[in-house]
Amino acid sequence: MNKIEQLTQANTAFLTKDLNPAQQEAVTLPVEGHALILAGAGSGKTKVLTHRIAWLILHHNIAPSAICSVTFTNKAANEMKTRLHTLMQQELPGLWCGTFHGINHRFLRIHYEHAKLSKTFQIMDSDDQLSLIRRIMRDLQIDPKINPPKTAANFINSHKDQGLRAYTLSAQNNWEALQLEVYHRYELLCNQSNLVDFAEILLRSYEALKENLELLKQYQGRFSHLLIDEFQDTNTLQYKWIKLLNGTLGNTFIVGDDDQSIYGWRGAKIENIQSFNKEFSKYKPVTEVCLEQNYRSTKPILSCANQLIAKNEDRLGKNLWTNIEGGEAVKIYAAVNGHNEADFVIKEIEHALENNMPGNHIAILYRSNAQSRLFEESLLKNKIPYTIYGGVRFFERAEIKDLLAYLRLVINPDDNAAFLRIINTPPRGIGNKTLETITQIANDEEVSYWQSAQKIKHPSLEKFIALITQWQKEIQKKEVEQQLDYLYKQSELISHYEKESKEKAEIREENIQELIIAAREYEDGNELISHAILEAGEQPVKTNHQAHECVQLMTLHSSKGLEFPLVFMVGMEDGLFPTTRSLDAEHKITEERRLAYVGMTRAREQLFLTFAGYRQLYGNQFSSFPVSRFIRDLPEEYIEIVEI
DNA sequence: CGTTAAGCAATTTTT
DNA sequence: TTGCTTAACG
């Protein structure tokens with residue numbers, strides 16, 4: 001080793017000094033080659049990712065602009081950025097770090113022509129998508145009871161997630177023929193509207209790369225290093241995109257945990273991580289590193305989690321372990337009924353609070369949101385501060401979407417989704433009949449709803465068109481903030497909201513004002529709209545208390561990535577968890593089991609599993625479920641049955 | 001066309 | 001039970 005090499009070694013030593021051997025191996029893998037980092041729960045995967053990026057830049061002199069780091073959620077992307085910044089104390093010009101959608105959206109804004117989009121294309125969210133599909137199906141006179149629009153949306157999205165366009169598909173039966181017809185019509189409407197849905201963002205990017213060799217070469221040349229977080233959650237299209245961009249020439253560093261794959265139902269393919277080694281080793285060697293040392297949980301908790309997940313077949317294989325000695329057994333409580341279960345949990349929580357455990361160190365995890373109610377009531381009654389995760393996020397609120405739809409329509413009148421949303425909000429005498437005429441003409445002449453509307457003689461409609469046209473002129477010289485303010489007042493949304501109830505109107509008003517203030521940060525309306533849709537905001541919480549230290553209630557799915565000293569997994573019954581719907585197929589139970597594994601590995605110190613002999617589901621129906629198979633699978637020596 | 005009552009289904013969630 | 005969608009009515 002020469003002196004210069006020694007110098008660079010010293011410079012980067014700080015990157016590896018707090019790492020355990022496996023983490024160190026992962027971070028310092030050779031520049032060339034792919035890597036599969038199998039990162040168990042609580043094994044420090046974000047640390048490995050950020051340190052790997054820093055290592056590439058500092059130790060190997062890789063340009064930041066040659067690195068692309070991809071996550072699934074904005075939260076994860078932001079955390080990555082923050083941690084990178086803290087670690088490196090410098091700007092990283094040209095480094096792309098974001099979500100799959102964020103990165104591909106950025107790509108499309110640059111290369112819209114290659115993607116056959118117009119410069120001002122806009123994104124629509126699943127709500128917009130669904131109303132568009134609903135409209136299409138209504139026009140096609142499809143009975144929504146027999147063929148729900150949700151199913152059609154699913155059909156479209158799941159095919160797009162596999163990279164499959166309508167024209168590439170052929171129907172094998174009547175049902176498929178119908179879904180395909182909707183898919184075709186939907187694609188046409190989106191193109192006329194200059195709109196892309198979430199899956200389309202990825203599909204367009206993928207196709208743009210695939211069909212433009214020059215562009216592909218440019219990006220293959222640029223991103224020599226692609227890092228993917230939560231790889232077990234990638235769907236077919238994302239996997240294709242990774243392979244196309246980086247599978248042959250580049251170096252792909254993937255981090256994930258097949259045992260934490262819980263999103264199969266929305267297209268994630270656990271097979272992607274299972275077959276990564278085989279597929280990617282065709283061009284460059286793949287090194288596998290397994291991070292099994294767990295810094296989170298006690299031995300009894302890990303032993304239970306390990307034994308449970310060992311029931312699954314086709315795992316990549318991994319056993320979490322810890323240095324930490326001791327730890328209490330996992331506690332099982334058999335409640336008489338749902339109320340009794342809630343009482344027990346709340347009593348245990350009170351006990352922990354008395355022993356000075358902060359409320360936010362405690363979590364109640366359940367399979368479905370409806371299960372939160374009993375716990376909420378009991379917490380309220382006992383005056384324990386709590387927060388429940390879930391609900392409508394800021395940019396998904398009706399009033400926000402209404403106002404933004406006005407902005408969208410004024411910027412781009414061909415935006416069919418925006419048109420549908422506000423054509424009669426507030427009510428302006430344009431009902432279903434008129435709408436049918438509009439959509440029929442639009443269908444026949446293959447024009448947007450807006451263009452179609454021009455051709456109809458209808459006083460209310462003419463008035464509406466005149467208004468929008470006038471607003472288009474009015475807002476041109478205004479800043480986004482003023483544009484929104486103007487549209488809000490002109491649209492008479494205020495008086496519309498006031499008709500429902502005073503309290504609701506007040507909340508809506510507050511949200512609108514918040515939106516208008518937030519709009520200051522944006523150059524133009526299009527930027528604001530894209531941001532609003534791609535980053536709809538944090539998951540909202542419902543709380544009974546302003547305090548910081550609230551007991552946390554959430555679904556098992558939303559608990560992924562989090563940790564709590566004290567965890568209650570409730571409703572551990574065959575039929576609730578695993579759900580009835582999963583009992584008919586082994587692969588569904590396997591995913592439920594992974595969900596249980598995720599839940600258990602959230603706990604740091606103490607884990608309670610509870611179930612009830614009977615409970616009231618929905619209204620008055622009493623149901624009784626057997627104890628969950630996931631409890632029966634636990635090792636006797638690490639569990640303790642709680643008697644009261 | 002807009003309002004209201006009745007009917008009906010009922011995981012998990014991000015972008 | 002809740003929340004949403006549709007059919008019937010004014």
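In what follows, chains carry the letters A, B, and so on, assigned in the order in which the sequence lines appear, proteins first and then strands, with residues in each chain numbered from 1.
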Inset, instruction - Please work out whether the ring planes of A:H531 and A:Y522 are parallel, tilted or perpendicular, with thresholds of 30° and 60°. - result: tilted
Inset, instruction - Could you tell me whether A:E592 and A:R629 make a salt bridge, using a distance below 4.0 angstrom between a side-chain N and a carboxylate O? - result: no
Inset, instruction - Would you mind checking if A:R315 and A:D258 are paired as a salt bridge, meaning a charged N to carboxylate O distance below 4.0 Å? - result: no
Legend entry - Partner residues of A:Y614 under the side-chain contact (heavy atoms from CB on, under 4.5 Å) criterion, sequence neighbours left out: A:V336, A:N337, A:F622, A:S624
Legend entry - Between C:dC4 and B:dT13 - P atom distance, rounded Å: 16 Å
Inset, instruction - Find the distance A:I423:CD1 to B:dC1:P and express it as a whole number of Å. - result: 11 Å
Inset, instruction - Report yes or no: do A:E591 and A:S582 form a side-chain donor-acceptor pair below 3.5 Å? - result: no
Legend entry - Syn/anti state of B:dT11 by chi, 90° boundary around 0: syn
Legend entry - Presence of salt bridge, A:R594 and A:D259, under 4.0 angstrom: no
Inset, instruction - Going 5' to 3' through nucleotides 9-15 of chain B, assign each nucleotide B (protein heavy atom under 4.0 Å from a base atom), S (under 4.0 Å only from sugar-phosphate atoms) or - (no protein heavy atom that close). - result: -BBBBBB
Legend entry - Rounded distance in Å - NE2 (A:H496) to P (B:dT3): 9 Å
Inset, instruction - Would you mind classifying the nucleic acid contact of A:D125 as base, sugar-phosphate or nothing, using non-hydrogen atoms under 4.0 angstrom? - result: nothing
Legend entry - Nearest-Å distance for atom pair CD/C1', residues A:E376 and C:dT1: 14 Å
Legend entry - Nearest-Å distance for atom pair NZ/P, residues A:K145 and C:dC4: 18 Å
Inset, instruction - Could you state the atom-to-atom distance from CG of A:D127 to C1' of C:dC4 in whole Å? - result: 13 Å
